[in-house]
Student: 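Below is the structure I would like to discuss, written out as structure tokens.
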Amino acid sequence: MNKKYPEYKQLNLPEIANEIEHFWAESSTFQKSIDEREGHESFVFYEGPPSANGMPGIHHVISRTLKDLVCRYKTMQGYQVKRKGGWDTHGLPVELGVEKLLGITKEDIGKKISIEEYNATCRREVLKFKDKWDELTRKMGYWVDLDHPYITFENNYIETLWWCLKELYKKGYLYESVSIQPYSPAAGTGLSSHELNQPGTYKDIKDTSVVAMFKAVKNDSSKWLFEDSKVEELYFLAWTTTPWTLPSNLGLTVGPRIQYALVQTFNPYTHLPINVILAEGLIPKYFKKENENGAVETYNSEVKELPWRILALINGEKLAGIKYEQLLPSAANTLEKIREITPNAEPFRIITGDFVTTEDGTGIVHTAPAFGADDFKAGQKNNLGILTLVDKEGKFVEGVGEFSGRFVKDYKDEKNYTDVNVDISVKLKKENRAFKVEKYEHNYPHCWRTDKPIIYYPLDAWFIKTTAVKDRMIELNKTINWKPASTGTGRFGNWLENMVDWNLSRSRFWGTPLPVWRTGDGEEEICIGSIEELRTELQRSFDAGVMKPHEGKTVAEQIDELTSDLHKPFVDKIILVSSNGMPMERVADLIDVWFDSGAMPYAQLHYPFENKKEFKDNFPADFIAEGVDQTRGWFYTLHALGVLLFDSVAYKTVVSNGLVLDKNGNKMSKRVGNVIDPFETLDIFGPDATRWYLITNASPWDSLKFDIEGIKEVQRKFFGTLYNTYQFFALYANLDQFSYKEGSIEIGHRSELDQWILSELNSLIKRVMENFDQYEPTHAGREIEYFVNEQLSNWYVRLCRRRFWKPVPLNQNGENIIEEMQDKIAAYQTLYECLDTISALMAPISPFFADWLYKNLNGVTGRQKENSVHLRKFPIYSEAIINHALESRMVMAQDISSLILSLRKKSGVKVRQPLQKVLIPSHGADFEQQILGVAKIIKAETNIKEIDFLPADNDFIKKRVKANFKSLGKKLGSKMKWAAEKINNLNEIEIDQVLSGTFLLNPEFSKLKEEEIYINIEDVEVTTNEIPGYEIAVKGSLTVALDLTLTPELEKEGFAREFVNRVQNIRKDRNFELTDKIDLIIEDKNPAKDIIIEFNEYICAEILAEKIDFQKQVSEASIIEVNNDQITLQVNKKT
RNA sequence: GAAAAUAUAGCUUAAUGGUAAUAGCAAAUACUUGAUAAGUAUUAGGUUGUCAGUUCAAGUCUGGCUAUUUUCACCA
């Protein structure tokens, strides 16, 4: 007894997924898919570690589907694809979560709760939702190794990070320096940008702003400026909202491409005549148009409005290098003091910077390197030096004259606080150094704990000198295959171009400690690169007596204990010893968590302490994929470390997927409540439809508007159709006991339709492969969809239905007729091959359903030895089976059929009513040949008896021609419009000339002194839009004319078909089996008796009747109506 | 403030610079019926976000603007 193909009541995708999930688990299919490829070429994939302290969302499903499908595809292609999962466990989000949980703030750590306890809580909390993540991973069918993930807080992982850091240290890429960071003097602490983005930190406040006047120094490099405009002295105007930074001023920045004006005017406070430089575009901000060239002579202190005149226009670039007098000189900011900090510094110069705008201010930016990130950068670049004349409490240091000791903002809520900024402004006014002083309202960040304004302040931090390899990073980035390419060149490329050194320092608690120990005086430091090294150094420290042994423990035990967890506070208990016996303590910093994940290629393998060979085989990655938000996160740190450590890319292809928005295009947020719960979605629709929808609806990098309706459509349209097709196959294959035990029938011996669908199938394989290879899964999925819906189901199966359910006729000896038998087997084999191949093609995208389909098929035939589609090789197309001529022929058949059906529809003639013939105007012998090849299909599909061609040269039909813009446009250029018009208006004789040879379009060419323009059949498109006496339908150059004449013969045949249809309905209503034979008894007096007798044989064959009897009276009768005739009859099932 | 992506029918989506812009869903109408919780046909639905430019020819190339989304910055 043959096994049966499972048949189902209805499609239940979640059920299928469930079943297959269990199957995978039981037979370790994932493991097998890797183990069986041992020794094969590997395809390297890196999993970007998610943080498990938050719930997974629907956007995780899309990026994971993408990762999974690539890995599954490559596995099926024969590569070994290892997929180690990972967890990102350090960092601020974790810490903030824990702070919230414990109801504490950063301040309390180490006080209300010990660091040890706090970190233990972090360690526990960080994997809080790991179960949920694992569940999602399983449910959505994401194959990744969950049992041996890398976890960034594990000692081995940290050890590799330390190794990386030491490598960088050895190369001189790890250094300590200052950086400008948000700082709260009131709280005495630096703030992370995250803290700065707390709600309510940015407030509108009014500050005293000053436009200060910097007096230019006349020397060799500036002589031209003075002499060109015949002035004795001039000032640069620069605006600031923080006058307290003015004593620390070291430069003025102008925009290199901004036009500046030298303006003659007066100082509104001192009324002295002055000449000032500011951006030309900003003149209206300070001067009224009507006062231009005003009366300079009569200006006095009573005149409110300043007369002014432009003396010269100067390009910003030309100003660079000019020196100016220091605005607020004091003991603390002399050149000597500056050079004590920065030897050879060249301050008090005009420099250029691209960040300068003419939006506000004067177009000249006061630059105090200590108090602004841009200023700092500009200062470094131009060697201005750096002055920090404000201490960490927020007050001026000693040596700033009368301002020393005063707070730059009211940080202490002093009763009689007077604003030092106002006093500075007053001083400038008196000294003829202020051009405009006013209150200015702007948005400024405040410390979220003290509510006091923050300042930007230089703080010590550790950096990685990424700028040292900037060019190399840019160069290597060009070798990376970015999907989409614009992210690589644009977002990422621009980022690289403007790269700054990587600030590694974080002053938190739960993270990888920076493994640098140094002596108190900073004279000696050591960077530790391994646990072994740490133990050796520790031993030395014990030996030197710097570390004191605890009672009751041996030194060895203590070393074990101290190195058992490389986190705070334990590492901070370790004191090492310098070469001359001084104690060395660890620097306070933790490192940026992005370093953790960026180093995963090395750390996940505990390289170089283990797995040296594995690492060699697993670096760089062939493929990674994450959300586009990782561009400057993980993608960057991976790349940076790859280049810094190994002078290599870390990944060859990277796909950055876009965002998932709600169906209205809004961002999903918990607050709005439009968040999609991935678990619910997977439960209702199953992972296959969900994945298919996510992949085929939009390219991964476009943002996706997530709409449940879309999944429903996928479920119904694609999976429903594919399921139906399978059900259809299973139904009849089970009846006929088809199990592919017969030898495969050669393609050449199968029917035209079989050859066609197999050709299309092979074309499909080719296109799907190409798309997968190019990381275009969206196109691959849509191709599969089109094939299943349009070609397989709607054309092949529909046209072939009869071949499956029609019993094989017998010959005289009561045996099956061999040819008919073969044809039926060919149909089964063809449909089987299509379904089987589809299961493999769709497997990467919808792994559960694909495996279900595969197993249902293969479970009966056993044609493949693998018990899962995912262990199979991806199908390989055969160029030999692809028949382009056949494919285009079939398109023709579909077009013609569709045209005929539309004509039938228009004239109300049912398909069941046969028609005699259809006329098609011919386009030549090839054209006719093509159609004749599919004539049988057209006739059957449309119930037409013959297809006739109207010869091309007949004068019966009217032809029209239209210009072929593509071919003519290139030749004619600007004459195109004229030619198109001319061609449209050609008469029939002229058209015939065009079609039969060449035609001169401009006979009067010599008169007009033109080139001759000849056109031929290639240059026009021919249509037929009129055939006298016929209803016609047109699509492109194809025209179909239907003969609607109904002869009595045709009518009778139509009647017979209608009759069959009615009887079939009765069979179905009575739930007869497909194979049940019947007897038919018809009431004698019915009007159509003659027709039924005439078509007796046809009718009996169709309805599986042995005979049709006519009787006077029929009991248990049914009454049917055919073409307005009532027929009373009785259908009896034969037993 | 800067950069990037996107914008085509009510929705989703296609279109090497070349005819009159492609399909599906939804809508309406009819048909079909041994794949039927399906299928087929027909109809309607479009100023291709907007304004310019390049071109014989623009949904497509260039520029400006607008909207949405993202990232970075918030600084004088």
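Numbers restart at 1 for each chain; the letters A, B, ... are given by sequence-line order, proteins then strands.
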Student: Taking atom P of B:rA37 as reference, at what distance in whole Å does atom CG of A:Asn12 sit?
Tutor: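 Those two atoms, CG and P, are 15 Å apart.
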Student: If the condition is side-chain hydrogen bond (donor to acceptor under 3.5 Å, both in side chains), which residues does A:Tyr723 pass it with, not counting sequence neighbours?
Tutor: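 In terms of side-chain hydrogen bond (donor to acceptor under 3.5 Å, both in side chains), with neighbours along the sequence ignored, A:Tyr723 is linked to A:Gln727.
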Student: Using atom C1' in both nucleotides, what's the gap between B:rG46 and B:rA23 to the nearest angstrom?
Tutor: 14 Å
Student: If you measure from the P atom in B:rA73 to the same atom in B:rA21, how many Å do you get, rounded?
Tutor: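 Each nucleotide's P atom is 47 Å from the other's.
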Student: Taking salt bridge (Lys or Arg N to Asp or Glu O under 4.0 Å) as the cut-off, I'd like each qualifying pair that reaches into residues 708-734 of chain A, sequence neighbours left out, listed once.
Tutor: A:Glu709-A:Lys712
Student: Rounded to whole angstroms, how far apart are CH2 on A:Trp502 and P on B:rC72?
Tutor: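 Those two atoms, CH2 and P, are 15 Å apart.
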Student: What nucleic acid atoms does A:Arg801 come within less than 4.0 Å of, heavy atoms only: base, sugar-phosphate, or nothing?
Tutor: base
Student: In chain order, what residues pass the side-chain contact (heavy atoms from CB on, under 4.5 Å) check against A:Thr721, with sequence neighbours excluded?
Tutor: A:Thr725, A:Val788, A:Asn789, A:Ser793
Student: State which residues pass side-chain contact (heavy atoms from CB on, under 4.5 Å) with A:Gln715; sequence neighbours excluded, sorted by chain then number.
Tutor: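 Applying side-chain contact (heavy atoms from CB on, under 4.5 Å) to A:Gln715 gives A:Leu13, A:Phe685, A:Ala689.
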Student: Is the base of B:rA37 touched by the side chain of A:Gln10 through a donor-acceptor pair closer than 3.5 angstrom?
Tutor: yes
Student: Expressed in whole Å, how much space separates the C1' atoms belonging to B:rA28 and B:rA9?
Tutor: 16 Å
Student: Among B:rU13, B:rA76, B:rG34, which nucleotide has an atom closest to any side-chain atom of A:Arg782?
Tutor: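 In terms of side-chain proximity for A:Arg782, the closest of B:rU13, B:rA76, B:rG34 is B:rU13.
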Student: Side chain of A:His366, heavy atoms from C-beta onward: which of B:rC75, B:rA76, B:rA35 has the nearest atom to it?
Tutor: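 From the listed options, B:rA76 comes nearest.
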Student: For this output row, return yes or no: ring centroids of A:Phe214 and A:Phe236 closer than 6.0 angstrom.
Tutor: no
Student: Take atom P in B:rU19 and the same atom in B:rU48, then report the distance between them in whole Å.
Tutor: 15 Å
Student: Let me spell it out: for each of A:Leu792 and A:Ala698, pick the nucleotide of RNA chain B with the closest heavy atom. Which residue's pick is nearer the 5' end?
Tutor: A:Ala698
Student: How many whole angstroms separate atom CG of A:Leu694 from atom P of B:rU12?
Tutor: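 The answer, rounded to whole Å, is 15 Å.
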Student: Applying side-chain hydrogen bond (donor to acceptor under 3.5 Å, both in side chains), can you list everything that pairs with A:Glu7, at least two apart in sequence or on another chain?
Tutor: A:Asn734
Student: Just by distance, no angles: are the side chains of A:Thr696 and A:Thr778 close enough, under 3.5 Å, to form a donor-acceptor pair?
Tutor: no
Student: For the side chain of A:Thr240 and the backbone of A:Ala238, is there at least one donor-acceptor N/O pair under 3.5 Å apart?
Tutor: no
Student: Looking for any heavy atom pair under 4.0 Å, which part of the strands does A:Ala238 touch: base, sugar-phosphate only, or nothing?
Tutor: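 The residue A:Ala238 makes no contact with any strand.
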Student: Using atom names, set out every protein N or O paired with an N or O of nucleotides 3-9 of chain B below 3.5 Å, distance rounded to 0.1 Å.
Tutor:
| from | atom 1 | to | atom 2 | distance (Å) |
| --- | --- | --- | --- | --- |
| B:rA3 | O2' | A:Asn494 | ND2 | 3.4 |

Student: Between B:rU8 and B:rG59, how far apart are the C1' atoms? Round to whole Å, please.
Tutor: 7 Å
Student: Mind checking which stems touch RNA chain B? I mean at least 3 consecutive Watson-Crick or G-U pairs, both distances under 3.5 Å.
Tutor: B:1-7 with B:66-72, B:10-12 with B:23-25, B:27-31 with B:39-43, B:49-53 with B:61-65
Student: Could you tell me which residues satisfy side-chain hydrogen bond (donor to acceptor under 3.5 Å, both in side chains) with A:Tyr796, sequence neighbours excluded, listed by chain and number?
Tutor: A:Asp754
Student: Provide the distance between the two P atoms, one in B:rU47 and one in B:rU55, to the nearest whole Å.
Tutor: 28 Å
Student: Could you measure between the two P atoms, the one in B:rG45 and the one in B:rC61, and give it in whole Å?
Tutor: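 29 Å, rounded to whole Å.
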Student: Whole angstroms only, please: what is the CG-P distance between A:Asn697 and B:rU13?
Tutor: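 The distance from CG of A:Asn697 to P of B:rU13 comes to 5 Å, rounded to the nearest Å.
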Student: Measure all distances between protein nitrogen or oxygen atoms and nitrogen or oxygen atoms of nucleotides 55-58 of chain B, and list the pairs falling under 3.5 Å.
Tutor:
| from | atom 1 | to | atom 2 | distance (Å) |
| --- | --- | --- | --- | --- |
| B:rC56 | O4' | A:Gly973 | O | 3.3 |
| B:rC56 | O4' | A:Ser974 | N | 3.3 |
| B:rC56 | N1 | A:Gly973 | O | 3.1 |

Student: Quick check, are the ring centers of A:Phe371 and A:Trp244 under 6.0 angstrom apart?
Tutor: yes
Student: Indicate for each nucleotide in nucleotides 38-45 of chain B, in 5' to 3' sequence, whether protein heavy atoms under 4.0 Å reach the base (B), only the sugar-phosphate (S), or nothing (-).
Tutor: SSSSS---
Student: Please tell me whether A:Asn477 and A:Trp482 have a donor and an acceptor in their side chains that are separated by less than 3.5 angstrom.
Tutor: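 The answer is yes; a qualifying pair exists.
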Student: Can you tell me, in whole Å, how much space there is between the C1' of B:rA7 and that of B:rU12?
Tutor: 14 Å
Student: To the nearest Å, how far apart are A:Tyr693 OH and B:rG24 C1'?
Tutor: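 Going from OH in A:Tyr693 over to C1' in B:rG24 covers 14 Å.
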Student: Under the 3.5 angstrom rule, does the side chain of A:Tyr732 hit a backbone N or O of A:Arg803 as a donor-acceptor pair?
Tutor: no
Student: Within a strict 4.5 Å, meaning less than it, do heavy atoms of the A:Leu250 and A:Thr367 side chains meet?
Tutor: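 Side-chain contact under 4.5 Å: no.
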Student: On RNA chain B, check which nucleotide each of A:Tyr796 and A:His779 is closest to and give me the residue with the more 5' one.
Tutor: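 Closest to the 5' end, via its nearest nucleotide, is A:His779.
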Student: May I have the distance from A:Ile351 (atom CD1) to B:rA76 (atom C1'), rounded to whole angstrom?
Tutor: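 Rounded to the whole Å, the gap is 12 Å.
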Student: Output all residues satisfying side-chain contact (heavy atoms from CB on, under 4.5 Å) with A:Ala370, sequence neighbours left out; order by chain, then residue number.
Tutor: A:Ile386, A:Thr388, A:Pro458
Student: Among residues at least two apart in sequence or on other chains, which ones pass side-chain hydrogen bond (donor to acceptor under 3.5 Å, both in side chains) with A:Tyr828?
Tutor: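 Residues passing side-chain hydrogen bond (donor to acceptor under 3.5 Å, both in side chains) with A:Tyr828: A:Asp736.
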